[in-house]
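To start, the structure under review is shown below, and the notes come after it.
Heads up: numbering here begins at 1 and tracks the sequence. Note that the structure is a prediction, hence the values are computed from the model and not measured.
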Amino acid sequence: MRALLLALILAGSAAAQEVRTEAGALGIDLSWRGALDLTVPLDAPVPWRVFTLSDPPRLVLDTSEVDWDARSPKAPDGVVLRTGRMAPGWTRLVLILEAPVTVGRAWLDTSAPAIRVEAVPGQGADGPLVRQGWDLPEVARAAVRPRQTGERPLVVALDPGHGGFDPGAERGGITEADLMLRFARELAEVLRRNGHRVVLTRETDAFVSLRGRPALARAAGADLMISLHADAVAGGGAQGATVYTLADGPADALSAELTRRQGVGDLLLGVDLPEAGDEIAQVLIELSRTETAPRAEALADALVAGIDAAGIGLHKRPRLSAGFTVLKAPDIPAVLLELGFMSSEADLENLRSPDWRGRMATAILRGIETWAIDDAADALRVRR
């Protein structure tokens, strides 16, 4: 029997209980001994659906805004259990399994209430059942603003990495997602106080897909985008800030490792979308990048200079390139700023320090403003 998709079933329609748009999880009961039995007690019935994904094998339960709180138990051997907010109004529970399963039965017990799922070993999974791009609002199709020429406030898109289901790097109970959201909010205030407009790709601990992030920047008419990270690397050793631009060719070992790590959230959630296959569209994208790429390179150089001038420690190679998906918007100069590495005790201490974060935010402001002056002058030359 193929994996079962229950597309937002209003399972309480025939019951006395009212189906709500939000609920609290009262626990998660899970057993995995060759077959799988999952029970999620709730304080109210909610719309839900369940399906499977492959590579790696996963069972996914989507619900309408369930507060998981700290209810996730220690998963049994052979299962990794993760929960989080997928998009406004939607939360997700994912079981990452050691072998594929096929959903045999799934139902909402409205008398409890509780969602129940029973699955047996299967030969594969139904990847296409996941709905793609559902975290993107309608405004994501808004037109891009003309290139900035210094005649109006800059619109700066700040992209705090990871979030929701995808915590990023973790050290001692601290997550990259939380650190970056806090820094993005502080940086946004510094930019706004200096007359710039700011949009955040996420303002809460919510998941946003890698391709959804530049789409949100485009919707806001952003003049530039800075994706904020503080990763961790195997074996440690990496320390200091690094600014990345999109790579034209093969990346170095460090860049390749970080690229893999930052794509894990999208992969596990089933939103790892392929590159556009239309040849004409690809040609147009490349033509657009011909103008955007040098502007992104200049932005990266200005940020490195601003950080260095502030006396803040840089990585031994502060300017690198990698194939980060979030940098692939063809029409917005975009860079990825690794503020430091959570695998470094010194960097982690800095990231937790309000004083250091304030100095870094000011350094970034100076770098952006230096870039904006040169970029506007270049735009006026091109216009003439």
**Report entry** CZ/R192: more than 12 non-hydrogen atoms of other groups inside 6.0 Å
**Finding:** yes
Report task. Please answer whether the main-chain N or O of A230 pairs with a side-chain N or O of E176 as donor and acceptor at a distance below 3.5 Å. Result -> yes
Query raised in the report: So how far is it from L314 CG to E338 CD, rounded to the nearest 0.5 Å?
Result: 13.0 Å
Query raised in the report: Salt bridge check: are R295 and D378 linked by an N-O gap of less than 4.0 Å?
Result: no
Query raised in the report: Quick one: salt bridge (Lys or Arg N to Asp or Glu O under 4.0 Å) partners of R116, sequence neighbours excluded?
Result: D37, E118
**Report entry** Sidechain N-carboxylate O distance under 4.0 Å for E345, R171
**Finding:** no
Report task. Would you confirm whether D205, through its side chain, and G164, through its main-chain N or O, come within 3.5 Å as a donor-acceptor pair? Result -> yes
Query raised in the report: Could D223 and R152 be called an ion pair, given the rule that one side-chain N must be under 4.0 Å from one carboxylate O?
Result: yes
Query raised in the report: Is E349 paired with R352 through a side-chain N to carboxylate O contact shorter than 4.0 Å?
Result: no
**Report entry** Co-membership, hydrophobic cluster, residues V326 and I368, 4.5 Å side-chain
**Finding:** no
Query - side-chain hydrogen bond (donor to acceptor under 3.5 Å, both in side chains) partners of residues 356-365, not counting sequence neighbours, each pair once - result: E186-R357
**Report entry** Heavy-atom side-chain proximity of R213 to T325 below 4.5 angstrom
**Finding:** no
